[in-house]
Amino acid sequence: MNDDKGCRTIHVAIVDNDRCALAMLDQLICGTYDDLAEDGIRIVTDWCETSGRRAIMRCNRVETVADVLLLDMSMEDISGVRVCEAVRSRHEVMAILGITSYSPTKYAKRLAEAGAQGLVPKLDRMEIVRAIVTVADGGLFERYGRFTTVDESYRRLRKTTPAREELFSEREFDVMDLCSYGLTSDEIAEKLGISPSTVKTHVVKAMKKLGARNRAEAVGMWVTARE
């Protein structure tokens, strides 16, 4: 939309588990940029969140859906990639832009598969701003990888993501994925570098969240949800 000064306003939501980083990003990108469009661009932050799960819940509310979700990759409760996948599988309007302090190439492929429209280094202010404008306009920011549009990624993911995926921790998600490949608890433990008893604990938690009566039923529900 345009404000009374002729600027087009882009509404952004920011997700980062570091409160200091959230404040920094808010100050870094918000403002008016007269050089980016004929009438200028104004970027405002609608909301900030340190929890991936709470961010997913906010994105599920119509009144808190922004134009662009600026999403950090290194979250604590659930990874940025999982947040992206959970949000995109439910939304066909809001663009998702990943940000990271690490090498963008580390996350680009996984983030693209999760339905984002681009990825950018966290501390490069003007690159973040240009990326926000690009994806808000329906484009792709592909300096660090190949991505797909909001519509295309939504169509691909809306039927392949478990309906209650946001309830699963990153480790539970990994364990259930490996269970679906037929691995035993001992094999999963070795692959993930955890104990077999910890694997079983994650499976039990996943069973409860899925409403399954046993491990086999949980695996069946998991596989069906991702087909």
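None of these values were measured; they are calculated from a predicted model.
Smallest separation of non-hydrogen atoms from A116 and F147: O-CD2, 3.4 Å. Minimum heavy-atom separation, G145 to A108: CA-CB, 4.3 Å. When all heavy atoms are compared, the tightest approach of I128 to I29 is CG2-CG2, 3.6 Å. The two residues T45 and C30 make their nearest non-hydrogen contact at OG1-SG, 2.9 Å. Looking at every heavy atom in both residues, G115 comes nearest to S153 through O-OG, 3.4 Å. Looking at every heavy atom in both residues, R82 comes nearest to D174 through NH2-OD1, 3.4 Å.
R215 and S185 share a side-chain donor-acceptor pair at under 3.5 Å. Counting only N and O atoms by type, the side chains of Q27 and R125 include no donor and acceptor under 3.5 Å apart. D67 and H11 share no side-chain donor-acceptor pair at under 3.5 Å. For the residue pair S195/T198, the side-chain donor-acceptor check at 3.5 Å is satisfied.
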Exercise for review: Before giving the answer on salt bridge (Lys or Arg N to Asp or Glu O under 4.0 Å), spell out for R143 and D124 the whole-Å C-alpha distance, their side-chain angles and the decisive distance to 0.1 Å.
Suggested key: CA-CA 13 Å; R143 183 166 297 180; D124 191 327; over 6 Å; no
Exercise for review: Give the intermediate values and the outcome of side chain to side chain contact (heavy atoms under 4.5 Å, CB included) for residues S101 and L123.
Suggested key: CA-CA 7 Å; S101 298; L123 297 180; 5.6 Å; no
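Once rounded to the nearest 0.5 Å, the distance linking CD1 of I14 with SG of C48 reads 4.5 Å. Atom CZ of R110 sits about 10.0 Å away from atom CD of E85, to the nearest 0.5 Å. Put simply, OH on Y154 and CZ on R88 are 10.0 Å apart, with the number rounded to the nearest 0.5 Å. Taking CD1 of I56 as the reference point, atom OG of S51 lies at 8.0 Å (rounded to 0.5 Å). Going from atom CE of M75 over to atom CG of D18 covers 10.0 Å, rounded to the nearest 0.5 Å. Annotation: the span from H202 atom NE2 to R171 atom CZ amounts to 6.0 Å, rounded to 0.5 Å.
No more than 12 heavy atoms of other residues, nucleotides or ligands shown are found within 6.0 angstrom of CD on E190.
In the hydrophobic clustering (ILVMFWY side chains linked at under 4.5 Å, chained through shared members), M207 is joined by V175, L178, Y181, L183, I188, L192, I194, V199, V203.
Counting only distance, with no hydrogens or angles, the side chain of D137 and the backbone of G139 share no donor-acceptor pair below 3.5 Å. No side-chain donor-acceptor contact under 3.5 Å links R146 to the backbone of E142. Within the 3.5 Å criterion, the main-chain N or O of A95 finds no donor-acceptor partner in the side chain of Q117. Side-chain atoms of E217 come within 3.5 Å of backbone N or O of R213 as a donor-acceptor pair. Here the side chain of R42 pairs no donor or acceptor atom with the backbone of G31 at under 3.5 angstrom. A donor-acceptor distance shorter than 3.5 angstrom exists from the side chain of E187 to the backbone of T184, with no hydrogens or angles considered.
Between C59 and H91, some side-chain heavy-atom pair lies under the 4.5 Å cut-off. Residues L22 and T50 form a side-chain contact, since some pair of their non-hydrogen atoms from C-beta on lies under 4.5 Å apart. Within the 4.5 Å cutoff, the side chain of V12 has heavy atoms near those of the I132 side chain. Within the 4.5 Å cutoff, no side-chain heavy atoms of P121 are placed close to those of T100. With contacts defined as side-chain heavy-atom distances shorter than 4.5 Å, the pair V93/V150 does not qualify. Proximity of Y102 to S74: side-chain heavy atoms (C-beta onward) are separated by under 4.5 Å at one or more points.
Using a 4.0 Å cut-off between charged side-chain N and carboxylate O, E172 and K209 make a salt bridge. At a threshold of 4.0 Å, the pair E113-R156 does not count as salt-bridged, since none of the basic side-chain nitrogens sits closer than that to a carboxylate oxygen. A salt bridge links K122 with D16; the closest basic N to acidic carboxylate O contact falls under 4.0 Å.
Hydrophobic cluster membership is shared by L97 and L28, with clusters built from Ile, Leu, Val, Met, Phe, Trp and Tyr side chains linked at under 4.5 angstrom. One hydrophobic cluster, built from ILVMFWY side chains closer than 4.5 Å, holds both I43 and M24. A chain of hydrophobic side-chain contacts below 4.5 Å, direct or via other Ile, Leu, Val, Met, Phe, Trp or Tyr residues, connects V133 to Y33. Cluster annotation: V44 is not connected to L69 through the hydrophobic network of ILVMFWY side chains, with a link wherever side-chain heavy atoms come within less than 4.5 Å.
Here the options are D72, V15, L71, the test is side chain to side chain contact (heavy atoms under 4.5 Å, CB included), and the partner is I99; only D72 passes.
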